Amino acid sequence: MERKKGGRKRLGNNKRYHNIMLRFNDMEYDKLKTICKSYHLNIHERGVISPLLRRLVLDRKSEERDRLPNTSDLAHHINRIGSNINQLVKLANLKNQRSPNSGLMDEIRRTNELLSALIEITLEEQMG
């Protein structure tokens with residue numbers, strides 16, 4: 001009579017070498033408890049969570065739309081826009097350094113013209 005070995009089955013090529021540790025906040029943990037209850041599982045029992053999470057993750061079909069977009073192209077365009085803005089600011093500052101009071105000089109000239117007109121009007125009213 002052949003004796004059967006007891007214990008765990010040998011996994012062979014299916015042995016799991018990669019570990020992933022998950023941490024949950026209170027809200028996420030409560031949601032996980034609710035999922036376990038829906039499957040009639042005790043979350044505090046050893047060896048319950050890993051198979052559940054493995055089944056939920058691996059049995060689900062991944063879809064193309066779930067993937068994140070390539071952000072390197074977006075980052076490149078944002079950097080180019082930033083470079084253009086820097087060039088514009090430098091140009092504006094350079095023009096302002098060449099003639100910082102050009103707007104002020106125009107305002108002074110216009111004010112002088114208005115004062116001259118006011119003086120002429122006042123003199124005309126006094127004379128006649």
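Numbers here simply count residues along the sequence, with the first being 1. It should be emphasised that the depicted structure is a prediction, and the values quoted were computed from it without experimental measurement.
- Taking SG from C36 and CD from E45, the interatomic distance works out to 10.5 Å, rounded to the nearest 0.5 Å.
- Once rounded to the nearest 0.5 Å, the distance linking CE of M27 with NZ of K31 reads 8.0 Å.
- Pairing each heavy atom of R23 with each of E28, the nearest pair is O-OE1, 4.1 Å.
- Atom CZ of R109 is separated from atom OG1 of T111 by 10.0 Å, given to the nearest 0.5 angstrom.
- Enclosure of atom CD1 in I20 is not indicated, since only 12 or fewer non-hydrogen atoms of other residues, nucleotides or ligands lie within 6.0 angstrom.
- The environment of CG in D26 is sparse: at most 12 heavy-atom neighbours from other residues, nucleotides or ligands sit within 6.0 Å.
- The shortest distance between side-chain heavy atoms of E113 and R110 falls below 4.5 Å.
- Here the closest non-hydrogen pair linking Y29 and F24 is N-CB, 3.9 Å.
- Summarising the geometry, atom CG belonging to L53 is positioned 10.0 Å from atom CG belonging to L58; distances are rounded to the nearest 0.5 Å.
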Show the numbers, then the answer: is there a side-chain contact (heavy atoms from CB on, under 4.5 Å) between I43 and I35?
-> CA-CA 9 Å; I43 195 167; I35 292 170; over 6 Å; no

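- For the pair Y39/V48, no side-chain contact is recorded, criterion being any heavy-atom separation below 4.5 Å from C-beta on.
- I49 and L22 fall within the same hydrophobic cluster, where Ile, Leu, Val, Met, Phe, Trp and Tyr residues are linked whenever their side-chain heavy atoms come under 4.5 Å apart, directly or through other members.
- With rounding to the nearest 0.5 Å, the separation of CG in L52 from OG in S38 is 8.0 Å.
- How far CG of L114 is from CD1 of I119: 11.0 Å, rounded to the nearest 0.5 Å.
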